[in-house]
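Quick notes on the structure that follows.
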Amino acid sequence: MPKRILVIEDEEAIRKVLRAFLEDAGYRVILAGDGMEGLEKYHEHVPDLVLLDLMLPRIDGFAVCQLLRKESRVPIIMLTALDDDVSQMKGFDLLADDYITKPFSMPLVVRRIEAVLRRTGQEHPAEGNVIRYKGLMLDIDSYTVLADGKGVALTTREFEILKLFLENQGRVLTRDYLLDSIWGYDYFGGEKVVNTHIKNIRKKLGNDYIETIRGVGYKIEKETP
Ligand code: CA
């Protein structure tokens, strides 16, 4: 699956060049023309890296960086025309992973992106703290779930059940196994609680990802690449 890069940049010419070059380098590119749109697109697509211009209308790059960091460790590379140390330090203080000063050469941008993805361990998405499955995205650190880009309000237990299924794709999980794994061995409430939780998860996701295997338990189909 190609890495997805969100480019938040208000200058159309730069957006276009970045898109052409990054797509050539094998990335999927999502574009946003200002800070607001950038945050919206971030939530919609949950990209693997953000290229973030500093000077932006509506919300500037620093503020976007701050807001993103409140909820995510997504690698962020700041694009800045301000070639002074103060602004660069400020960018790092806000936990950007790198910065590139304009004007920049496209091969340099690609190399910096590769380096940041390598350093932050994002080149192997399976090793990150995010599980993707079809239209779903589970962020293990923040216990958030997106279904087709929209937030889904799962309870902690529902989240853990869904995570367990995604870690065991193609495997039938019995109600007993689910009870032991999620509720613990000392839970005596009976198996009905499992059914209720599965029902709620299905309803909230609006999709029958979890299949009932009659008389045995439940299964989530293995995602075919
Ligand atoms: Ca700008």
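When a ligand or atom number is given, it counts from 1 through the structure's own listing order. Below, each value reflects all heavy atoms present in this structure, side chains not excepted, and no hydrogens, waters or symmetry copies.
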Check your understanding: Would you say the side-chain atoms of Glu160 and His197 include a donor-acceptor pair closer than 3.5 Å?
Key -> no

Exercise for review: Ignoring hydrogens and angles, state whether a donor on the side chain of Asn168 or Tyr177 is under 3.5 Å from an acceptor on the partner side chain.
Suggested key: no

Point to revise | With sequence neighbours excluded, residues passing side chain to side chain contact (heavy atoms under 4.5 Å, CB included) with Val172 | key: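 Side chain to side chain contact (heavy atoms under 4.5 Å, CB included) list for Val172, sorted by chain: Ile213, Val216, Lys219.
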
Check your understanding: Any N/O/S atom of Glu11 sitting less than 3.0 Å from the Ca ion (ligand 1), backbone or side chain?
Key -> no

Point to revise | the Ca ion (ligand 1) to nearest N/O/S of Glu9 below 3.0 Å | key: no

Point to revise | Carboxylate-amine/guanidinium proximity below 4.0 Å for Arg19 and Glu12 | key: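 No.
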
Review point. Out of the N/O/S atoms in Asp53, what is the name of the one closest to the Ca ion (ligand 1)?
Key: OD2

Point to revise | Where the Ca ion (ligand 1) is the vertex, angle from Met55 O to Asp10 OD1 to 10° | key: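 Rounding to the nearest 10 degrees gives 90°.
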
